[in-house]
Structure formats: structure tokens, C-alpha cells
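Take a look at the structure set out below.
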2 protein chains.
Amino acid sequence: MARTTGSDGEKTEAAVREAAVSLIARLGYEAMSMRQLAAEVGVQAAALYRYFPTKQDLLFTLMREHMEGLLKAWDAARPASADPVTQLAAYVENHIAFHIERRHATHVSNMELRSLSHERLTRILKMRTAYEKELRTILRDGVEAGAFEIDDTGLTAMALIQMMTGVIVWFRPGERLSIAEVTASYLSMTMRLVGATISHGTARPSRRAGNAAAL
Amino acid sequence: MARTTGSDGEKTEAAVREAAVSLIARLGYEAMSMRQLAAEVGVQAAALYRYFPTKQDLLFTLMREHMEGLLKAWDAARPASADPVTQLAAYVENHIAFHIERRHATHVSNMELRSLSHERLTRILKMRTAYEKELRTILRDGVEAGAFEIDDTGLTAMALIQMMTGVIVWFRPGERLSIAEVTASYLSMTMRLVGATISHGTARPSRRAGNAAAL
DNA sequence: GTAATAATAAAACGAACGTTCAATTAATTC
DNA sequence: GAATTAATTGAACGTTCGTTTTATTATTAC
């Protein structure tokens, strides 16, 4: 046999991406075989090579598109207001929403970096650094404006990102907590962590209390 | 050739463990071959099987001992005082010190869980859960004592652990920050995050300010 | 309807994998 | 110093891996 009835390149490629994200997240990139992936898609292994020249090309494509999506999502979510608290809240909300929606892809992007060639690793890390820099800028602006109280903005940015991204490790939709509840909790923890003055949402704008309470 | 002069089982086994932690952390468990590991130790692949019956046995041993070490370290570091702030501070300090000292082993224990058999995965997760439960207990006690202000102790415990463990991702000894500086920063962030009242170290015991400041 | 093109199957490639086995030499025991 | 035990080598096993090649069928364009 050869070409099968109803076969369609676009659909097959989409199915390959989807299955690859899920399989790599579950088994790991090295542990997933091309034959396994092909079986998941319902196709022979050789057919995969029509869409991705090598296994590593497939991995890189998934990662690159994940990172591009993250940067684009933040670009769309970035608020017009220059208020650091508003900006930080938007960053946290966007980060958590994006990562919870893409748990598998996030796992792949975070865990399989070592399987990339040096050049491709650099490209992915560049995108990641750009994304993290956005948070550092918000924190630094907040400190300058007197809205945050932070020892070290670089360290704090890393700590916050690790904390937020970690949500995908334990969070399971449909269990005890809803996405909205989780997001609210992380927002509250973030604001406390950076020593934000109470200003976001509530009245009492610049009275320099200990830190933000409920939100 | 066969047995080499100066060969010693104990030394070889220790060298295998050390090389395995380093190689698995760098390449991943699936990507590391037994031949590669043997070469790193300066031995033939077959010699490894005198110490570990299978590749997975080797991985499991490394993970189990890492987790046992973590539990043991906390047991030794746990303060006599029942004060929640003191307890939390000790937990954070122990966690960061332990993980910074064992960056590679931590990477292995966190990233290679999926390569364990179901039964062994369960055993490792049981230890991990026991360790996390210690933190949840501290947080809950602190809330009951009025020392902490926390939405959800379970969620907060996970967030804190992700934040603290994340230090191994970006921290490099000898760079900008010392271990002591990093630990102090994480301690400060933790205390703010849980809304700790100012009590640890400083005077002014129970005046319920916004949260702990410098420490 | 015929020609061109897109999508796949089937089989095969050499290389590398985890692991086993028999042989061999070093160290230890008596 | 002979016998025993410990530590390792070197070669081989069957399997699986990523990938390539060739043939074959479905779809599309004219």
C-alpha cells in the first residue's frame, strides 16, 4: 500500500505535532521512538520524515513555537498602564494561564533543552531570556517607583518564574482548585513576595503599608 | 586482560555513582549509555554490572539515596523550638543548602522520575511527599498560631518548594552572589510570601505588622 | 481521462543499545 | 606457594534506533 484514502498533509502534520508534544512530555524526547510516534498518529515511521527532516528538527519546532507563543501572548496581554503593580499582575496572570493551558508543551520546553544542538539551544535560550527580562524590567521599575520592596531584582525574577511555572507540576484541572483560584493565590503570593504596596484594585493608593493583602 | 592492578570494588562503585550523577544530569538518563558511563570511570561496560544489575537499578539507587539524604538532613536540622517562624527558617535554609550542594543529584531526582518502574516511582514519590508534608505542617501550625497569613497551605507549600528548588537552575557558585546571600534572599522572600509577623531574631514579638522585613 | 503531484507503505541500512558470558588476571587466604 | 576469591576484559547476543530508498496509490489539474 501507499497513499491512503482521505490522507491530507496538513492534518497529518498537525496530528504529528500534537502526538509528539504529548509523547515527549510523557516519556521524554530520548525515550520516544519515531515508530511510537508514528503509531500514535496512525501512520508508518517513514511518513514522519515528509514533515520533519529529523527527530531533533521536530523537537526544535515544538520548542520554538512554544516560546514564540509565550512572547506573543505577553505582547498581547501587556497592559497600557505603566503602573508596576498592574504590569506585574498582568504578567503573572498571563504566565499562569499560558502555562496551565500548555502543560505538556511547557514540560517539553523546560526538560528537553539538552537534546538540542548548541546553536538551537542558544536560540531557544535567547527567547527565554527575553521573556524573563520583561519581568525584571517590571520589578526594577516598581522598585524605582517605590511600589515594590526587593533585595535583588534578578534573583527575585527567577524565583517568581520558578514558582509560577511550577504550577504545572502539581496542578490538575478539575481537582480541588479552579484555575481562577490558583491564579488568585499566585497573584497574592507574588504581591506579598515583592512587597507591593496596597494599590491594585483597592483604594488607598500610596500609603506604604507592609504589603498587599487580599487583592 | 582481566583484573587490573590496584583495582578496588569500593572505589570503583563510588566512581560509578559519581560519574553517573554527573552524566545523567548533563545528558539525561536515556541519553547516557552504559558504555559512556564506563568510559568516564575508565572501565569496560561489563564491569558496571558487577555493582548495579541494570541501568535502572543504578538510577533508582541514586534517587533513593538522594531522597533519604534529604529527609535525614531535615531531621538533623529541625529546630527544637516549636516557633513556626524558626521552623520555617530552618526548613528554607536546610532546603537551599542541601540542594545547592547537590545540584546534579537534584536534577536527576527531579527530571528522571519517568524512567522508573511504577513500583519504584511510587517509592520515591512517597519520600518526596513525606518531605513536603513537613513544610505543610509548619505552615498550618503557623497559621493556627497566628504567625502566618496564608490562603491555602497546600498550594503555598508547593509554590515555596518550586521556588526554592529552582535555585539550582540559575545559581552558579562563584558568580555574582554567594550561597549566604542567596539563602538570605530566599529566606526574606519566603517570610514575606507567608505573611510572617516580625518575630524571628528581632524584638517586637507580636505586633502584627504587614510582614517580616529584613531578618 | 490522462498527466502530474502529494502522501504514504514496506523494506532495508548500519549503528548503537543494554546486557550476558567466558576467560583472565590481581589480590587474598591459608 | 597453592587455592580461592575479587575485579575486570573482550567478544558477542538479540533488539531497537533514526533514517533512507523505492515503489505504490490517492488526489488534483488540465
Side-chain angles (χ1 to χ4, degrees), chain A residues 1-24 26-63 108 112 114-120, chain B residues 1-24 26-63 108 112 114-117 120:
Chain A
M1 266 180 284
R3 179 166 188 172
T4 56
T5 59
S7 63
D8 174 345
E10 282 192 34
K11 282 183 186 168
T12 304
E13 180 172 347
V16 169
R17 285 163 191 262
E18 208 174 317
V21 167
S22 158
L23 273 181
I24 296 175
R26 221 166 59 229
L27 312 173
Y29 169 76
E30 293 282 354
M32 178 201 73
S33 74
M34 294 299 266
R35 286 170 177 82
Q36 224 172 339
L37 173 58
E40 190 84 3
V41 177
V43 102
Q44 289 297 319
L48 302 174
Y49 289 83
R50 164 164 264 270
Y51 306 100
F52 301 97
T54 71
K55 191 185 179 188
Q56 199 207 121
D57 278 291
L58 169 56
L59 175 64
F60 177 65
T61 301
L62 298 177
M63 286 187 170
V108 173
E112 307 296 350
R114 57 187 164 205
S115 295
L116 292 177
S117 68
H118 179 72
E119 183 254 343
R120 286 172 162 177
Chain B
M1 267 180 280
R3 178 165 189 170
T4 55
T5 59
S7 62
D8 174 345
E10 282 191 35
K11 282 184 187 169
T12 303
E13 180 172 348
V16 170
R17 286 165 190 262
E18 207 174 317
V21 167
S22 157
L23 274 181
I24 296 176
R26 220 165 60 228
L27 312 173
Y29 169 77
E30 295 281 354
M32 179 202 73
S33 75
M34 294 300 267
R35 285 170 178 86
Q36 222 173 339
L37 173 57
E40 189 84 3
V41 177
V43 101
Q44 290 296 317
L48 302 174
Y49 289 83
R50 164 165 261 273
Y51 305 100
F52 301 96
T54 69
K55 191 185 178 187
Q56 199 205 124
D57 278 290
L58 168 56
L59 175 65
F60 177 67
T61 301
L62 298 176
M63 285 188 172
V108 173
E112 308 296 348
R114 57 187 164 203
S115 294
L116 293 177
S117 69
R120 286 172 160 175

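All values below were derived from every heavy atom in this structure, side-chain atoms included, with hydrogens, water molecules and symmetry-related copies excluded. In the text below, chain A, chain B and the rest are named by the order of the sequence lines, each starting its count at 1.
- For residues 16-24 of chain A, proximity to DNA chain D is found at no residue, defined as any non-hydrogen atom under 4.0 angstrom from a strand atom.
- Atom CE in A:M34 sits about 14 Å away from atom P in C:dA9, given to the nearest Å.
- The shortest distance between the side-chain N/O atoms of B:S33 and the OP1/OP2 oxygens of C:dA16 is not below 4.0 Å.
- With sequence neighbours left out, B:R50 forms a side-chain contact (heavy atoms from CB on, under 4.5 Å) with no residue at all.
- One finds the NE2 atom of A:H118 at 13.5 Å from the CZ atom of A:R120 (value rounded to the nearest 0.5 Å).
- Against DNA chain C, the stretch residues 42-54 of chain B makes heavy-atom approaches under 4.0 Å through B:A46, B:Y49, B:T54.
- Residue A:E10 contributes atom CD, which lies 9 Å from atom P of C:dA7 at whole-angstrom precision.
- Within the 4.0 Å cut-off from OP1 or OP2 of D:dA7, not a single side-chain nitrogen or oxygen of B:T12 is found.
- Qualifying salt bridge (Lys or Arg N to Asp or Glu O under 4.0 Å) partners for B:R26, counting only residues two or more places apart in sequence or in other chains: none.
- Remark: C1' of C:dA16 and NZ of A:K55 are 13 Å apart, rounded to the nearest angstrom.
- Every side-chain contact (heavy atoms from CB on, under 4.5 Å) that A:E119 has, sequence neighbours left out, goes to A:S117, A:R123.
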Under the side-chain contact (heavy atoms from CB on, under 4.5 Å) criterion, do B:L48 and B:T12 qualify, and how do the steps go?
CA-CA 9 Å; B:L48 302 174; B:T12 303; over 6 Å; no
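- For A:K11 and C:dA6, the NZ to P distance is 18 Å, given to the nearest whole Å.
- When rounded to the nearest whole Å, the span between CZ of A:R35 and C1' of D:dT15 equals 11 Å.
- Using a 4.5 Å heavy-atom threshold, the side chains of B:V16 and B:V43 count as separate.
- Atoms CG (A:D57) and P (D:dG18) sit 14 Å apart, rounded to a whole Å.
- When the C1' atom of D:dA7 is taken as reference, atom CD of B:E13 falls 13 Å away, rounded to whole Å.
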Can you give me every donor-acceptor pair (side chain of residues 17-24 of chain B, partner residue at least two apart or in another chain, under 3.5 Å) with its distance?
| residue | atom | partner | partner atom | Å |
| --- | --- | --- | --- | --- |
| B:R17 | NE | B:E13 | OE2 | 3.4 |
| B:R17 | NH1 | B:E65 | OE1 | 2.5 |
| B:R17 | NH1 | B:E65 | OE2 | 3.0 |
| B:R17 | NH2 | B:E13 | OE2 | 2.8 |

Could you list the donor-acceptor pairs under 3.5 angstrom formed between side-chain atoms of residues 28-41 of chain B and any protein atom two or more places apart in sequence or on another chain?
| residue | atom | partner | partner atom | Å |
| --- | --- | --- | --- | --- |
| B:Y29 | OH | B:Q56 | N | 3.2 |
| B:S33 | OG | B:Q36 | N | 3.0 |
| B:Q36 | OE1 | B:S33 | N | 3.3 |

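- Residues forming a side chain to side chain donor-acceptor pair (under 3.5 Å) with B:T54 (at least two apart in sequence, or on another chain): B:D57.
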